[in-house]
K.L.:
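Take a look at this one; I'll ask things after.
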There are 4 protein chains.
Amino acid sequence: MALTTEQRVRRAAVKLFASKGFHGTGIRDLAQEAGISSASLYHYMGTKEELLAGIMRECLDRLLLGAREATDGVDDPRLRLTHLVALHVLAHASRPAETRVVDNEVHALSAATRRRIVALRDEYESLWADAIDDGLRQRAFATAEPAVTRLALLEMCSGVARWYSARGPLGLDRLAGHYAGLALRMLGSTGDVSPKALDDALRVVSTVWRNTR
Amino acid sequence: MALTTEQRVRRAAVKLFASKGFHGTGIRDLAQEAGISSASLYHYMGTKEELLAGIMRECLDRLLLGAREATDGVDDPRLRLTHLVALHVLAHASRPAETRVVDNEVHALSAATRRRIVALRDEYESLWADAIDDGLRQRAFATAEPAVTRLALLEMCSGVARWYSARGPLGLDRLAGHYAGLALRMLGSTGDVSPKALDDALRVVSTVWRNTR
Amino acid sequence: MALTTEQRVRRAAVKLFASKGFHGTGIRDLAQEAGISSASLYHYMGTKEELLAGIMRECLDRLLLGAREATDGVDDPRLRLTHLVALHVLAHASRPAETRVVDNEVHALSAATRRRIVALRDEYESLWADAIDDGLRQRAFATAEPAVTRLALLEMCSGVARWYSARGPLGLDRLAGHYAGLALRMLGSTGDVSPKALDDALRVVSTVWRNTR
Amino acid sequence: MALTTEQRVRRAAVKLFASKGFHGTGIRDLAQEAGISSASLYHYMGTKEELLAGIMRECLDRLLLGAREATDGVDDPRLRLTHLVALHVLAHASRPAETRVVDNEVHALSAATRRRIVALRDEYESLWADAIDDGLRQRAFATAEPAVTRLALLEMCSGVARWYSARGPLGLDRLAGHYAGLALRMLGSTGDVSPKALDDALRVVSTVWRNTR
DNA sequence: GATGAATGAGATTTCATTCAT
DNA sequence: GATGAATGAAATCTCATTCAT
């Protein structure tokens, strides 16, 4: 099925905002990339900023939704964290443009919108904090600075969007698995997740991600 | 000694490019922040892009120089990596604005300048790659995907510039030490670096960093 | 039929470039003269320099085309030169602004564009050189310094654009006829062109000029 | 004797105004060409426009003075015109930059200054008109449109500044002599000026020109 | 639904000129 | 005499957005 014009606009914006930045992307660039006139753009979007905010909200919503679904009912903190890491990496590797926009263009939002976006991100990050706290409480994890470690984890995983290429040698699953391993090491996980458990986790998360949206 | 106007311009640029992005920062913003008229700005800089490039080059030069100095003659790969991580974290935590500009605004450079900046960055990253490769060869490290792990490490450490605040509870040394620990865990380091060795390393790197430039 | 906005812009540019020079004419002057805002100007032109280049090219194209048509198949060098002089004078007297721009603003062009414009002018002047050479070979003309005489002729004829006014007592045809006479004298023409032949020539050239473009 | 700074400024201005136009020449261009700072320029000139006006006035003064001296007491209109043409050509060929500035940059003057410059030029041209009128009255010349012929003559002779190069094959004297011949032909001069008389004329005019200023 | 035309505001950069040192 | 520093005004050009068709 061919893309709707609205989708083409959205994609153009994601691509250009990611590569040139919000302020570096002109309305005419968007129009050209979307294949319509700049006046027509305004049938499919509000202001340029609303377009940006929409992209961010959608991307974060999806991540948040996916993360909730992937952790819901998972009691073992190691597994919960594995799911969070895998989903995050999957998201950032398979949609690097969107996620880079979310990470890099917050400063371009108006104060009110920024608050809403940051709130979403905070909510998402609280899932990570909860998993880590649980793990520490249950002595599944050992780290002297949990807050620092959490931020280190998140930055490490988000960084995937800045370098991963689907055309490279590494498949998404291997990538996600490797990152899950790194994360557990960072957290001083006692007892590894077995290869089979990791495989299962990746399968679950992959399905969740595919079904979200 | 009071700042020279040129320094004030440089600082204004670093601050604003970091918080609003290169394209989000107008020449008037720069002038206002530096406390001069926008015409006067042009006594102290070439174009806005050259100002950006100068900031990036200086920052990368300093990092590269520091890293070379901090690793020169250090044979143990674990120690070498510890030095690299500590220096990187120190740099990103103590000068978050500069480093964020380097990390986020490459897209705003013209092609020719971008090439030169990226070459500097590649040269810097090769120091990390060398340390990791040495460690693997000597079985001091164990990781299935060295390249991925290296990128994960770098993103994790650079991320410090995005959240660390000197006004928070965590001192620079503890921060750097914690990250060094995380890094060794990620690399599957066999045998820890002793607390004393870590202390020594932090002291050395701290001195190097202070003396660079 | 009313003028299109594009034509109004072109005319404004011709008028102002001719009277104030390219660098003496601001984008605001152009906009005001054309009756639109300075931002709207950019719907109808590329850069200011491209506007200038377009004017020059069009003017020279017309002159070159007309000169070719007016000399094609005319074997007698005296007559050929008469046609060239008459066309040149007609062009410069009836469109003094365009031709002055062509003559005076070459220095404002970028190097690449200048080359193209100068090539056109050289091609045009070669028609004069050919006619004069033919005349000398056939002993219809006698001049010790043909190249100098050619340049003197061209400058004399182009000068018309600097002083002729359609509101003065002298009609275009008499003007052109007088200049043809001056030219033949300068070339030491043996045997005059008869009044009737001159009349015919003027009629032909006038038609060519009217039909060109 | 080395040039004074004031002379260097004057020369820089002449050179640049001639090649790039008044409005195309910046104060910094002038400073660079003169080898001093742009602030120092203002020790040696008033405003940029006064500099231009000074150049024009001086150039026209010299021409006017020379023409008066070269025609004073010369009764034969043919000879008088020969002197005028020779001086004009000499002036334009030996100082092409100044004369081009005079011819092309009048539009850059303020109204009041322009009036004064144009008055000088008119006075100069009246010498030509007088010589031509005398010649017609004495039947030494024959032309149907004296005013037109005068303008044609002047434009032809001024044009020399646009193409003549001292590095070319043609000496100044031959050039001036050739133009004198062209002028007499254009005016339908009855009886040529003898080669000896022409030689004398060129010698006289050359001396006058050398001594003026 | 689509777009050419339009524009006020603002972008970066240069202008001619002044002045304190 | 010389100049670095400074600047208001203006340069060219682009911006995001609207609207009539």
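Any value given below was found using the heavy atoms of this structure, including those in side chains, with hydrogens, waters and symmetry copies removed. Residue numbering restarts at 1 for every chain, and letters A, B, ... go by the order of the sequence lines.
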K.L.:
Of the nucleotides dT3(F), dT12(F), dT7(F), which one has an atom closest to the side chain of His43(B)?
P.N.:
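Nearest nucleotide to the side chain: dT7(F).
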
K.L.:
To the nearest Å, how far apart are Lys48(B) NZ and dA11(E) C1'?
P.N.:
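It works out to 8 Å between those atoms.
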
K.L.:
Do you know the tightest heavy-atom contact between Ala12(B) and Ala34(B)?
P.N.:
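Where Ala12(B) meets Ala34(B) most closely, the heavy atoms are CB-N, 3.9 Å.
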
K.L.:
With sequence neighbours left out, write down each residue that passes salt bridge (Lys or Arg N to Asp or Glu O under 4.0 Å) with Lys15(D), or none if nothing qualifies.
P.N.:
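Scan of Lys15(D) (salt bridge (Lys or Arg N to Asp or Glu O under 4.0 Å), adjacent residues dropped) gives Glu33(D).
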
K.L.:
Report the distance from atom CD1 of Ile36(A) to atom C1' of dG1(E), rounded to the nearest whole Å.
P.N.:
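Going from Ile36(A) (CD1) to dG1(E) (C1'), I get 10 Å.
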
K.L.:
Determine, step by step, whether Val102(A) and Ile117(A) satisfy the side chain to side chain contact (heavy atoms under 4.5 Å, CB included) criterion, reporting the C-alpha distance in whole Å, the side-chain angles of both residues, the deciding distance to 0.1 Å, and the verdict.
P.N.:
CA-CA 9 Å; Val102(A) 171; Ile117(A) 293 295; 5.5 Å; no

K.L.:
Check His23(D) against Ala108(D) and note the closest heavy-atom contact, atom names and distance.
P.N.:
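Residues His23(D) and Ala108(D), closest heavy atoms: NE2-CB, 3.9 Å.
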
K.L.:
Please report the distance, rounded to the nearest Å, between CG in Leu51(A) and C1' in dT17(F).
P.N.:
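Distance, rounded to whole Å: 14 Å.
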
K.L.:
Give me the stems containing DNA chain F, sorted by first residue, counting only three or more consecutive Watson-Crick or G-U pairs with both distances under 3.5 Å; say none if there aren't any.
P.N.:
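Consecutive-pair runs (3 or more) involving DNA chain F: E:2-21 with F:2-21.
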
K.L.:
Verify the neighbour count for atom CZ of Arg11(C): are there more than 12 heavy atoms of other residues, nucleotides or ligands below 6.0 Å?
P.N.:
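No, CZ of Arg11(C) has 12 or fewer neighbouring heavy atoms, counting only those of other groups under 6.0 Å.
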
K.L.:
For residues 97-107 of chain B, which residue pairs pass the salt bridge (Lys or Arg N to Asp or Glu O under 4.0 Å) check, not counting sequence neighbours?
P.N.:
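As it turns out, the salt bridge (Lys or Arg N to Asp or Glu O under 4.0 Å) pairs with a partner in residues 97-107 of chain B, which skip direct neighbours, are Arg95(B)-Glu98(B).
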
K.L.:
With the side chain of Ser37(A) defined as its heavy atoms from C-beta on, choose the nearest nucleotide among dT3(E), dT7(E), dT3(F).
P.N.:
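Of all the options, the side chain of Ser37(A) is nearest to dT3(E).
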
K.L.:
What is the distance from CE of Met45(A) to P of dA16(F), rounded to the nearest Å?
P.N.:
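Interatomic distance, CE of Met45(A) to P of dA16(F): 9 Å.
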
K.L.:
Identify all pairs in which a protein N or O lies below 3.5 Å from an N or O of nucleotides 18-21 of chain F, and state each distance.
P.N.:
none

K.L.:
Determine the contact category for Thr47(A): base if any of its heavy atoms lies under 4.0 Å from a base atom, sugar-phosphate if only primed atoms, P, OP1 or OP2 are that close, otherwise nothing.
P.N.:
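Sugar-phosphate contact only - Thr47(A) comes under 4.0 Å of backbone atoms but never of a base.
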
K.L.:
Using every non-hydrogen atom in the two residues, find where Val101(B) and Ala18(B) come nearest and quote the distance to one decimal.
P.N.:
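Residues Val101(B) and Ala18(B), closest heavy atoms: CG2-N, 3.6 Å.
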
K.L.:
Quick one: side chains of residues 49-57 of chain A, donor-acceptor pairs under 3.5 Å with protein atoms, not counting sequence neighbours, listed by atom name and distance.
P.N.:
unit_1   : atom_1 : unit_2    : atom_2 : d
Glu49(A) : OE2    : Ser110(A) : N      : 3.0
Glu49(A) : OE2    : Ser110(A) : OG     : 3.4
Glu50(A) : OE1    : Thr47(A)  : N      : 3.0

K.L.:
Do His107(B) and Phe22(B) come close enough that some side-chain heavy atom pair is under 4.5 Å?
P.N.:
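With C-beta onward as the side chain, the pair stays apart.
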
K.L.:
Which atom names give the shortest non-hydrogen contact between Ala91(A) and Leu63(A), and what distance separates them?
P.N.:
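Looks like CB-CD1, 3.5 Å.
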
K.L.:
When the distance from CG of Leu41(D) to C1' of dT3(F) is rounded to whole Å, what number comes out?
P.N.:
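Going from Leu41(D) (CG) to dT3(F) (C1'), I get 11 Å.
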
K.L.:
Can you find a pair of side-chain heavy atoms, one from Thr99(C) and one from Ser158(C), that are under 4.5 Å apart?
P.N.:
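Not in contact.
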
K.L.:
Tell me which residues in residues 10-33 of chain B put a heavy atom below 4.0 Å from DNA chain E, sorted by number, or none.
P.N.:
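Contacts with DNA chain E under 4.0 Å: Thr25(B), Gly26(B), Ile27(B), Arg28(B).
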
